[in-house]
Every structure is written in structure tokens, then in C-alpha cells.
Amino acid sequence: MLLLAALVGPWSVVPVTPRVLRLWREKAMEPIPAVQRVDRYVHERRMTDQTLVSWAIYMFLLSWITLGIYTIVVFYRRVNRTDLFRERRRHYYDAVIEATRQYVDQVGQDTESMEQLDDIRRYVNERFEDEHRMINAGLSVLLTFLTLGIYWFVAAYRMMRFWWEIQLTEEDFDDKLSDCWLRLGIVQYRVTFEPIPRLRRGFGLHLLLTFVTLGIYGFVWDYQLHTDPEKLYPEVHSTEDMVLFALRHAETAPHGGRAAA
């Protein structure tokens with residue numbers, strides 16, 4: 001754990017990868033109640049939801065001192081944190097659904113609720129198969145070299161799209177989950193998540209402005225790629241905490257009482 005925590009620091013060159021995180025999960029994931037699994041994936045954000053080194057320090061100091069090498073490191077880490085966030089979200093969604101199913105089993109079989117949960121699971125699976133595919137940091141760096149930098153634009157497009165689309169997935173997931181939870185009496189109020197409008201970036205517009213300004217707008221674009229996830233993290237974490245609180249309350253009082261959410 002100490003090693004993994006050290007690796008995700010903003011000055012680290014070798015970050016935690018999805019494969020390393022998966023191996024750690026396999027060792028730590030003994031059979032446990034689903035609510036504890038939700039808790040585990042919520043607290044896993046300390047390793048996955050990474051804050052990178054200050055953009056100004058990276059752009060105007062580290063990239064110059066290292067003759068551009070640190071630029072490659074930052075590109076790798078941006079893609080890698082996207083994949084890490086993706087992996088954590090998928091496990092988190094699965095754990096929340098499973099915890100709700102366990103609650104339904106405790107209070108008595110409810111066919112309609114089970115069907116709702118199956119629909120939510122199908123929705124999540126479809127979103128991750130279609131909109132939230134792994135980008136792969138190592139492969140992205142390699143292809144960027146092989147294509148003389150062209151693939152950087154592909155990776156940038158996929159990251160920009162991911163950080164917007166994952167917000168839409170979160171919004172829909174919480175909305176569907178609230179319908180189910182209100183019916184079961186787990187919460188009295190809906191669990192809500194509002195996408196951040198300013199994080200909806202148009203790739204075509206950014207590319208056009210970069211060419212029109214002879215590369216100057218590229219600094220703005222790069223800054224947004226660097227900092228946008230850090231603007232999203234607090235909103236996601238707040239919703240996760242709300243969900244976890246509701247599940248814990250339901251776990252301690254499965255046959256009565258409503259969680260405040």
C-alpha cells in the first residue's frame with residue numbers, strides 16, 4: 001500500500017497502472033459483503049484519482065530542464081489516470097448494484113426491483129463497451145512516436161470525450177439508481193449528479209484554434225487536458241460518499257428506516 005501510494009504522487013514518474021491495480025485487487029478482494037466492496041472502491045480513489053504536478057511547473061520548468069522528456073511522462077500519466085478512473089468507476093458501479101441486490105434479498109424478493117437493477121447493469125455495460133473503452137497509456141506513447149506525433153491528437157480526442165461522457169454515465173446511473181432506491185425505501189431523496197458544462201470540450205474547435213493561432217491556443221488546450229479531471233473529482237467523490245452513506249444506513253437497518261441522501 002505504501003508503495004502504491006508513493007507511486008501516485010504528483011512528482012512520480014512511474015504511476016500505478018490498471019494492471020498493477022488489478023493485481024492488488026485480486027490479492028485484497030477476499031469474499032466480503034457488497035457494501036464493503038463499495039467502500040473499498042470509494043477509498044481506492046486515493047490511488048486512482050490522481051492530481052498531477054502543477055501545469056505551470058511542468059510546462060515552463062520540468063519540460064525545459066528535461067529537454068522535453070517530462071512532456072512524455074505527463075502524456076503517459078494523463079492517459080493512465082483516465083484508464084485508472086475508468087476501471088474504478090466500473091467496479092464501483094458493479095459493487096453498488098450488487099449491494100442493492102443484497103438489500104433486496106434481505107428485505108424479501110422483489111421482482112420489479114431486480115429487473116430495474118438488471119437494466120442498470122446492462123446500461124453500464126453498454127456504456128463502458130461503447131463510450132468508455134480503455135485508451136492504454138503505453139500503447140498511446142508508442143503510437144505517438146511511430147506516427148511522429150499524430151496519434152497524440154487521437155489520444156487527446158479520446159480523453160476529452162471520456163471526461164465528458166463519463167459524467168453523462170454518472171448522471172444516468174444515479175438517476176436510474178434513485179428510481180430503484182426510492183421504491184425500496186433506501187433513500188427519501190434522489191441521488192443526483194450534475195455534469196459540469198464547462199468540461200464539455202469540442203475537439204474540432206480546439207484543433208482549429210490551435211492552427212489559426214499558430215500553436216498558441218495549444219497551451220490552453222494542454223492546460224485543459226491537464227486540469228479538467230481535477231475539476232471533476234470533487235463532484236464525483238461527493239456523489240460516491242452520498243451513495244456509500246445510504247448503503248451503510250440500509251445495511252444497519254435493512255427492514256426499516258430510510259437513509260438521508
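The model shown is predicted, which means the values in this text are computed figures rather than measured ones.
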Assess the residue pair L84 and R77 against the criterion (side-chain contact (heavy atoms from CB on, under 4.5 Å)); give the C-alpha distance rounded to whole Å, side-chain angles, the decisive distance to 0.1 Å, and a yes or no.
CA-CA 10 Å; L84 287 173; R77 295 201 64 193; over 6 Å; no

As a quick check of understanding, evaluate side-chain contact (heavy atoms from CB on, under 4.5 Å) for K176 and Q116, giving each step before the final call.
CA-CA 8 Å; K176 296 174 187 292; Q116 281 183 300; over 6 Å; no

List the steps, then state whether salt bridge (charged side-chain N to carboxylate O under 4.0 Å, His left out) holds for D49 with R89.
CA-CA 11 Å; D49 299 5; R89 296 313 294 163; over 6 Å; no

Where do V35 and D39 land on the side-chain contact (heavy atoms from CB on, under 4.5 Å) test, with the steps shown first?
CA-CA 6 Å; V35 174; D39 180 83; 5.8 Å; no

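When only modelled atom types and interatomic distance are considered, E44 and H91 share no side-chain donor-acceptor pair under 3.5 Å.
Using a 4.5 Å cut-off between side-chain heavy atoms of Ile, Leu, Val, Met, Phe, Trp and Tyr, with links allowed through other members, V73 and L62 fall into the same hydrophobic cluster. Hydrophobic clustering (side-chain heavy atoms under 4.5 Å, transitive across Ile, Leu, Val, Met, Phe, Trp, Tyr) groups I97 together with V42.
Scanning both residues, V53 and I57, for their nearest heavy atoms gives CG2-CG2, 4.2 Å. Of all heavy-atom pairs between Y58 and V74, the closest is CD1-CG2, 3.4 Å.
Between F60 and W55, the ring center distance clears the sub-6.0 Å criterion.
Residue-environment remark: CZ (R133) stays at or below the threshold of 12 foreign heavy atoms within 6.0 Å. More than 12 heavy-atom neighbours from other residues, nucleotides or ligands sit within 6.0 angstrom of OH on Y123. More than 12 non-hydrogen atoms from other residues, nucleotides or ligands lie less than 6.0 angstrom from OH of Y233.
Distance CG/L208 to CZ/F203: 11.5 Å, rounded to 0.5 Å. To the nearest 0.5 Å, atoms CG (D179) and CG (D174) are separated by 11.0 Å. Rounding to the nearest 0.5 angstrom, the gap separating the CZ atom in R88 from the CZ atom in R40 is 14.0 Å. The SG atom of C180 sits 11.0 Å away from atom CD of E115, with the distance rounded to the nearest 0.5 Å. Separating the CD atom in E131 from the CZ atom in R86 is a distance of 12.0 Å, to the nearest 0.5 Å. L182 contributes atom CG, which lies 11.0 Å from atom OH of Y189 (distance to the nearest 0.5 angstrom).
The shortest side-chain heavy-atom distance between R127 and L168 falls under the 4.5 Å cut-off. Under the 4.5 Å side-chain criterion, counting only non-hydrogen atoms from C-beta, T71 is not in contact with M59. You'll find the side chain of Y151 stays beyond 4.5 Å of the side chain of L146, heavy atoms only. Put simply, the side chain of I135 does not reach to within 4.5 Å of the side chain of R78, judged on heavy atoms. Between W163 and F85 the shortest side-chain heavy-atom distance falls below 4.5 Å. F193 has its side chain within reach of V236: a pair of non-hydrogen atoms, C-beta onward, lies under 4.5 Å apart. Between E171 and D175 there is no side-chain heavy-atom pair separated by less than 4.5 Å. E194 places none of its side-chain heavy atoms less than 4.5 Å from the side chain of E235.
R46 places a side-chain N or O within donor-acceptor distance of the main-chain N or O of H43, the cut-off being under 3.5 Å. At least one donor-acceptor pair under 3.5 Å links the side chain of Q167 to the backbone N or O of I196. In this structure, the side chain of H206 engages the main chain of G202 through a donor-acceptor pair within 3.5 Å. Judged by distance alone, the side chain of H226 and the main-chain N or O of A56 form no donor-acceptor pair under 3.5 Å. Without hydrogens or angle criteria, S178 side chain to V191 main chain gives a donor-acceptor distance under 3.5 Å.
A salt bridge between R158 and D83 is absent, with no side-chain N of the basic residue lying under 4.0 Å from a carboxylate O of the acidic one.
Under the side chain to side chain contact (heavy atoms under 4.5 Å, CB included) criterion, S238 pairs with no residue at all, not counting sequence neighbours.
Below 30°, between 30° and 60°, or above 60°: for Y92 and F173 the angle between ring planes is between 30° and 60°, a tilted geometry.
Sorted by first and then second residue, the pairs that involve residues 198-212 and meet salt bridge (charged side-chain N to carboxylate O under 4.0 Å, His left out), not counting sequence neighbours, are R201-D228.
For the pair R37 and Y41, the NZ or CZ position fails the cation-pi test of under 6.0 Å to the six-membered ring centre and within 45 degrees of the ring normal.
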